[in-house]
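Side-chain atoms are counted along with the backbone in the values below, which use heavy atoms only and exclude waters and symmetry mates. This structure is a prediction, so every number in the text was calculated from the model and none was measured.
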Amino acid sequence: MTSRAPGRRVRKAPAERRNEIVATAARIGLTEGLECVTLRRVAEELGVQPGLVGHYFPAADELVAEAFTHAAMAELDDLLQQEPDGPLQTFRRFFGLTSSTDFDDVSKLWLNARHLSRYRPVLREHVVEQELRWCRRLEELITAGTAAGVFACADPWGAATRILVAIDGASAYVNTSADRRRTPTADMPRTVAETELGLRRGMLLTH
């Protein structure tokens, strides 16, 4: 009868382990809520001891804040992928996604984070940073489209801010009466954007 020594556990590099922890926490926050992001829950998901997660994040609030940032940035990169046909098509794709139920988890994440940031200063800093980041990305897209003659907008930053406010307003009921309000409000962010960008009504519809 032969015996075999137990396999050795591969030890991950600190940066890799930290990124894994944040990505796992972000997935939990996006699908279940930031309140569910705890050291123990993340450890269970990864199959490690809570002490390992605590080694990288001694304060749970830091992990919650980074989880939010990770999820928000990933969604922003996905929503505003540069389309080869230019800013107009990029915006069409953006509004097609943000007006669909696929955007509900992101809407819930932002509502959740803004509420919790009232009580968690570290999270509030991350929320403000991401609000400004999303505005800047829209501003850059609007500026590029205006320079190309596709849009007519004298105030790209103001337009970006108002467009995001319209998106937030349309998704404010995602946790309650979204089913009854989705149809009347679905087109509101898009039509606000068309007005801000000097476009004819319906120009940002996905064809």
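Around the CD atom of Gln49, the shell of radius 6.0 Å holds no more than 12 heavy atoms that belong to other residues, nucleotides or ligands. Other residues, nucleotides and ligands contribute more than 12 heavy atoms inside 6.0 Å of the CZ atom of Phe103.
A distance of 9.0 Å separates CG of Leu39 from CD1 of Ile21, quoted to the nearest 0.5 Å. For the atom pair OG of Ser99 and CG of Leu204, the computed distance is 11.0 Å after rounding to the nearest 0.5 Å. Taking CG of Asp155 as the start and OG1 of Thr143 as the end, the distance is 9.5 Å to the nearest 0.5 Å. Atoms CG and CE, from Leu197 and Met203 in turn, are 10.0 Å apart once rounded to the nearest 0.5 Å. Atoms CG and OG, on Asn112 and Ser107 in that order, are 12.0 Å from each other to the nearest 0.5 Å. Within the model, atoms CZ of Arg190 and OG1 of Thr195 stand 10.0 Å from one another, a figure rounded to the nearest 0.5 Å.
Ion pair Arg200/Glu194 not flagged as a salt bridge, since none of the NZ, NE, NH1 or NH2 atoms sits closer than 4.0 Å to an Asp/Glu carboxylate oxygen. Salt-bridge check for Arg133 with Glu139: failed, with every basic side-chain N at 4.0 Å or more from each acidic carboxylate O. A salt bridge between Glu44 and Arg40 is absent, with no side-chain N of the basic residue lying under 4.0 Å from a carboxylate O of the acidic one. The existence of a salt bridge linking Glu32 and Arg27 is excluded, since no basic side-chain nitrogen approaches an acidic carboxylate oxygen closer than 4.0 Å. Between Asp187 and Arg201 there is no salt bridge, since no side-chain nitrogen of the basic residue lies less than 4.0 Å from a carboxylate oxygen of the acidic one. A salt bridge links Glu45 with Arg41: at least one charged nitrogen is closer than 4.0 Å to a carboxylate oxygen.
Ser177 meets the side chain to side chain donor-acceptor pair (under 3.5 Å) test with Arg181; sequence neighbours excluded.
Of all the heavy atoms in Leu164 and Cys135, the pair that sits closest is CD1-SG, 3.5 Å. For the residue pair Glu196 and Arg162, the shortest heavy atom distance occurs at OE2-NE, 2.6 Å. In this structure, Ala160 and Leu138 approach most closely via the heavy-atom pair CB-CB, 3.6 Å. The two atoms that bring Arg114 and Val127 nearest to each other are CG-CG1, 4.1 Å, heavy atoms only. The shortest heavy-atom contact between Pro189 and Ile167 is CB-CG1, 3.6 Å. Closest approach of Leu63 to Val22, counting heavy atoms only: CD1-CA, 4.5 Å.
A 4.5 Å side-chain heavy-atom check between Leu205 and Arg92 finds every atom pair outside the cut-off. Put simply, the side chain of Asp77 reaches to within 4.5 Å of the side chain of Arg137, judged on heavy atoms. Counting heavy atoms from C-beta on, the side chains of Tyr119 and Arg124 never come closer than 4.5 Å. Side-chain contact check for Asp168 versus Leu111: every heavy-atom pair is 4.5 Å or farther apart. In this structure, Phe151 and Leu88 have side chains that are in contact, with non-hydrogen atoms separated by less than 4.5 Å. Proximity of Leu141 to Gln82: side-chain heavy atoms (C-beta onward) are separated by under 4.5 Å at one or more points.
Ring geometry for Phe95 against Phe91 counts as parallel: the plane angle stays under 30°, on a 0 to 90° scale with 60° as the upper cut.
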I'd like a table of donor-acceptor pairs (distance under 3.5 Å, sequence neighbours excluded) in which one partner is a side-chain atom from residues 67-74, with atom names and distances.
unit_1: Thr69; atom_1: OG1; unit_2: Ala65; atom_2: O; d: 3.4
unit_1: Thr69; atom_1: OG1; unit_2: His126; atom_2: ND1; d: 2.7

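In this structure, Val128 shares a hydrophobic cluster with Leu132, Trp157, the cluster being traced through Ile, Leu, Val, Met, Phe, Trp and Tyr side chains under 4.5 angstrom apart. Side-chain contacts under 4.5 Å among hydrophobic residues (ILVMFWY), followed directly or transitively, place Val192 together with Met188. Chaining together hydrophobic side chains whose heavy atoms lie under 4.5 Å apart leaves Val165 on its own.
Residues Leu109 and Leu97 share a single hydrophobic cluster, defined by chaining ILVMFWY side chains whose heavy atoms lie under 4.5 Å apart. Follow the hydrophobic side-chain contacts under 4.5 Å out from Val64 and you never reach Val122; the two are in separate clusters. Ile163 and Val174 are members of different hydrophobic clusters when ILVMFWY side chains are connected at heavy-atom separations under 4.5 Å.
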Full working for side-chain contact (heavy atoms from CB on, under 4.5 Å) between Asp105 and Glu75: CA-CA 10 Å; Asp105 280 347; Glu75 292 299 326; over 6 Å; no
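Judged as a salt bridge (charged side-chain N to carboxylate O under 4.0 Å, His left out), the pairs with a partner in residues 53-74 (not counting sequence neighbours) are, in order, Arg18-Glu66, Asp61-Arg120.
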